[in-house]
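Here is the structure we will look at, set down as structure tokens.
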2 protein chains.
Amino acid sequence: MVSIKDIAKSVGVSTATVSKALNHKSGVSQTVRNQIIEKAKEMGYVVNGLARGMKISKTFTVGVLVSDIKNPFFSEVISAMERVLYAKKYNLMICNVGENPQKEVEYLELLVSKKVDGLIVAPAAEGQNLSIYRNLVRHGMKIVLFDRLIDSVNCDSVVIDNRASIYEVTKYLKDRGHKKIGSIYGIEKSYTGHERLNGFKEAIEELNLEYHKEWVRSGFFREEDSYKQSLEILAKSSKPTAIIAMNNFSTLGLMRAVKELEIKVPDDLSIIGFDDAEWMKVCSPSITTVIQPADAIGMTAATLLLDAIENENIHTIQHVVLKAKLIERESVKSLI
Amino acid sequence: MVSIKDIAKSVGVSTATVSKALNHKSGVSQTVRNQIIEKAKEMGYVVNGLARGMKISKTFTVGVLVSDIKNPFFSEVISAMERVLYAKKYNLMICNVGENPQKEVEYLELLVSKKVDGLIVAPAAEGQNLSIYRNLVRHGMKIVLFDRLIDSVNCDSVVIDNRASIYEVTKYLKDRGHKKIGSIYGIEKSYTGHERLNGFKEAIEELNLEYHKEWVRSGFFREEDSYKQSLEILAKSSKPTAIIAMNNFSTLGLMRAVKELEIKVPDDLSIIGFDDAEWMKVCSPSITTVIQPADAIGMTAATLLLDAIENENIHTIQHVVLKAKLIERESVKSLI
DNA sequence: GGAGAAAATCTAATCGATTTGTTCAAGATA
DNA sequence: TATCTTGAACAAATCGATTAGATTTTCTCC
């Protein structure tokens with residue numbers, strides 16, 4: 001590979017001059033500068049990012065940790081981040097940790113060793129790597145948490161108002177005459193799972209709705225589990241009139257069960273989903289759902305991180321809470 | 001950050017010894033080795049990947065270029081790659097190039113400067129960066145192409161038999177009495193778009209089916225365009241009895257149009273999709289579709305690349321062609 | 001023409017890990 | 001005891017770029 005040294009030799013100057021010329025820094029005559037740039041292009045020179053990164057302690061790389069790239073919510077968030085970071089010439093290193101804390105640790109270490117300039121993380125469910133995050137922050141690593149929070153880590157974050165939005169849709173159902181409401185919730189120990197479930201429970205209580213343990217089941221944010229739990233709920237003779245599914249996979253599982261049991265939606269059962277997926281507006285009936293502003297989440301997270309990286313001294317930590325939005329489609333029937 | 005030097009000083013040995021000890025190389029007594037490892041852990045040492053990468057000319061990083069992470073096909077492929085690469089301690093750098101050749105070039109350069117050990121690429125549609133790929137290969141870069149081919153680049157590749165599979169589904173429709181078949185195809189200039197469309201045309205011709213220009217329209221592999229073109233096709237008084245959509249977004253667009261026009265599937269129109277998405281089996285009617293083995297594609301591509309990287313001398317270039325599979329669901333009606 | 005300022009260029013240290021070639025000491029052999 | 005072997009440990013070069021500080025060249029102006 002051609003290096004700065006080769007160019008220097010070829011043009012007849014020192015490497016210092018070449019470096020300055022190629023980085024558009026002052027202290028090089030116009031003539032020499034042009035010669036160098038010309039030669040560099042001719043020889044097909046590409047800077048060695050390792051050497052450069054080592055010297056200037058900056059890699060223009062950001063690590064992203066999510067639990068599942070296949071989840072359309074995360075792909076959309078990541079896609080938005082990419083847009084923002086690309087504009088500033090940053091690269092992202094994406095790590096898929098599943099819900100595996102051990103893998104999370106390994107990837108974190110890998111990213112640290114790769115000297116990423118910052119991290120954007122949706123921490124794994126159990127939150128047991130808390131001390132690692134705290135340690136990273138203490139050592140000056142720039143971190144933005146999104147989707148899931150860890151209270152005790154002092155860094156920027158972007159989440160939605162999970163609790164409020166589930167509360168709201170529960171009320172939405174009540175307002176339409178639903179009194180028997182069930183739900184397929186997620187991973188209770190995870191931030192989102194916990195918050196959403198709590199929003200639901202609060203609503204049930206405060207709005208004086210019936211609470212049936214059999215109607216409120218965890219699908220672990222997975223399609224298969226949600227499908228099975230949905231079957232359980234819907235097999236009973238005493239069924240809810242509406243079910244809230246608390247993420248996209250839960251919604252999918254619920255839909256599968258409904259289809260299999262040939263239950264008519266919304267006539268026999270009303271459904272509210274969570275997250276948006278393109279199919280939700282295409283299928284019949286289309287799904288009324290709570291949409292997370294995935295794009296905004298990604299952009300905000302990336303922007304916060306860039307700010308933290310590039311304005312190290314004046315950056316103040318922010319906790320952004322975005323609003324989720326209920327989109328009314330065809331899967332809810334008014335009983336009034 | 002703590003470096004090898006700090007450990008050396010702290011233990012009272014040279015950096016050479018520390019390096020050997022931490023890398024499990026011979027030439028260090030058991031006693032000293034243990035001391036070093038102990039101390040390293042205690043001081044929270046993490047190797048500096050930049051320095052190491054620079055010295056050993058290896059970064060354990062693979063660049064991945066796709067046109068759209070949000071496309072479930074690509075997320076699934078990437079997810080499979082991640083699984084394979086993670087097992088060997090490689091990281092992936094994912095780049096979203098859209099169908100923008102300029103962005104493709106920039107990202108390629110970025111990845112080169114980051115000294116990735118190899119590239120896995122679904123090249124952008126137009127194939128105009130051909131010479132760049134050829135150049136990279138000539139300079140020893142390990143590349144695996146997937147999804148889309150560039151003939152003249154001499155490197156490993158993984159694709160499916162696009163042409164054959166579309167031919168096959170067209171025949172499938174004919175066998176069920178369909179004579180008027182339309183299609184929402186993709187980007188004609190792209191490899192997949194081209195191959196699939198040609199498979200369709202061949203089938204039409206060889207199987208003596210009607211060919212109506214108005215029934216065969218490009219949706220550019222995008223939902224919105226596919227939706228519009230579907231409306232155009234279905235608005236005519238002389239409609240096809242079946243439509244083949246040639247990727248997941250096309251299928252989605254077609255479905256949207258069908259829903260909007262309140263056309264009954266499969267009674268009034270049969271549909272065959274392409275790619276699989278979880279919703280396709282959940283919606284009503286569920287979609288008969290051609291499934292690409294996304295997981296296998298990702299695993300194969302990653303495996304090929306690893307082989308190319310790790311067995312540089314004995315690796316022989318392979319062109320793998322995987323089979324796509326028609327999954328029969330509810331969206332096709334037999335007219336016989 | 002020459003002093004002094006300004007601009008251009010160079011030298012050399014540095015980032016952190018790896019590795020080659022050496023030195024040194026302990027144990028083996030005669 | 002003298003010599004040889006072997007293993008442990010070290011010094012220093014290296015990867016490629018950046019940059020502070022030294023040096024040289026060019027320019028300005030009296």
Side-chain angles (χ1 to χ4, degrees), chain A residues 1-37 39-40 43-61 89 109-117 139-140, chain B residues 1-37 39-40 43-61 89 109-117 139-140:
Chain A
M1 274 284 96
V2 19
S3 76
I4 222 180
K5 220 187 250 170
D6 303 318
I7 300 176
K9 199 180 296 171
S10 173
V11 176
V13 293
S14 74
T15 61
T17 307
V18 175
S19 174
K20 281 183 196 157
L22 295 177
N23 288 302
H24 306 101
K25 293 207 171 142
S26 63
V28 187
S29 68
Q30 203 44 246
T31 340
V32 175
R33 183 184 298 268
N34 289 149
Q35 267 183 72
I36 291 174
I37 292 178
K39 198 57 143 188
M43 298 174 78
Y45 171 78
V46 178
V47 69
N48 182 325
L50 302 180
R52 152 182 275 225
M54 190 155 139
K55 198 74 231 301
I56 67 175
S57 303
K58 188 146 174 42
T59 54
F60 288 91
T61 302
K89 297 282 171 205
E109 183 155 324
L110 206 57
L111 291 172
V112 168
S113 85
K114 297 244 163 96
K115 301 289 163 188
V116 294
D117 295 331
H139 283 75
Chain B
M1 273 286 96
V2 20
S3 77
I4 222 180
K5 218 188 252 171
D6 302 320
I7 299 176
K9 199 179 298 171
S10 173
V11 177
V13 294
S14 73
T15 61
T17 306
V18 175
S19 174
K20 281 183 196 158
L22 295 177
N23 289 301
H24 305 100
K25 292 205 172 143
S26 63
V28 186
S29 67
Q30 203 45 246
T31 340
V32 174
R33 181 183 300 269
N34 290 149
Q35 266 183 73
I36 291 174
I37 293 178
K39 198 57 144 187
M43 298 174 77
Y45 171 77
V46 179
V47 69
N48 182 324
L50 302 179
R52 153 182 274 225
M54 190 155 139
K55 196 75 233 297
I56 67 175
S57 304
K58 187 147 175 40
T59 54
F60 288 91
T61 302
K89 297 281 172 209
E109 183 156 323
L110 205 57
L111 291 171
V112 168
S113 84
K114 296 245 163 96
K115 302 289 163 187
V116 293
D117 296 331
H139 282 76

From CA spacing to verdict: side-chain hydrogen bond (donor to acceptor under 3.5 Å, both in side chains), B:Lys114, A:Thr61: CA-CA 10 Å; B:Lys114 296 245 163 96; A:Thr61 302; 3.1 Å; yes

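Closest to the side chain of B:Asn48, from the set D:dA11, C:dG16, D:dT18, is C:dG16. Of the candidates C:dT9, C:dT11, C:dT19, C:dT11 carries the atom nearest the A:Ala16 side chain, counting heavy atoms from C-beta on. Which of D:dG21, D:dA9, C:dT18 sits closest to the side chain of B:Thr15 comes down to C:dT18. Nearest nucleotide to the B:Ala51 side chain, out of C:dG16, D:dG16, D:dA20: C:dG16.
The residue A:Gly12 sits close only to the backbone: its heavy atoms come under 4.0 Å of sugar-phosphate atoms, none of a base. As judged by a 4.0 angstrom heavy-atom cut-off over every strand, A:Val18 is placed among residues making no nucleic acid contact. Within 4.0 Å (heavy atoms only), B:Lys25 reaches sugar-phosphate atoms of the nucleic acid but no base atom.
Between B:Ser19 and B:Ile4 there is a side-chain heavy-atom pair separated by less than 4.5 Å.
Regarding B:Lys55, its NZ atom lies at a distance of 16 Å from the P atom of D:dA12, rounded to whole Å. Atom CZ in B:Arg33 sits roughly 10 Å away from atom P in D:dA9 (whole-Å rounding). Atom NZ in B:Lys20 sits roughly 9 Å away from atom C1' in D:dC10 (whole-Å rounding). In this structure, the CE atom of A:Met54 is 14 Å from the P atom of D:dT19, given to the nearest Å. Between A:Leu50 atom CG and D:dC15 atom P the separation is 14 Å, expressed in whole Å. B:Met1 places its CE atom 11 Å from the P atom of C:dA17, with the value rounded to the nearest Å. At whole-Å resolution of the value, NZ in B:Lys9 and P in D:dA11 are 13 Å apart. Across the protein-nucleic acid pair, B:Lys114 atom NZ and D:dG16 atom P stand 19 Å apart, rounded to whole Å.
Within a 6.0 Å sphere centred on NZ of B:Lys58, other residues, nucleotides and ligands contribute more than 12 heavy atoms.
Considering only side-chain N and O atoms, A:Ser19 lies nowhere under 4.0 angstrom from the phosphate OP1 or OP2 of D:dA17. Dashed line: the shortest gap from a side-chain N or O of B:Ser3 to OP1 or OP2 of C:dG16 is not under 4.0 Å.
Between the OG1 atom in B:Thr59 and the CE atom in B:Met54 there is a gap of 13.5 Å [rounded to 0.5 Å].
A donor-acceptor pair is defined here as one N or O able to donate and one able to accept, closer than 3.5 Å; such a pair exists between the side chain of A:Asn48 and the backbone of A:Leu50.
Residue-to-nucleotide proximity on DNA chain C shows that, of A:Ser29 and B:Asn23, the 5′-proximal contact is made by A:Ser29.
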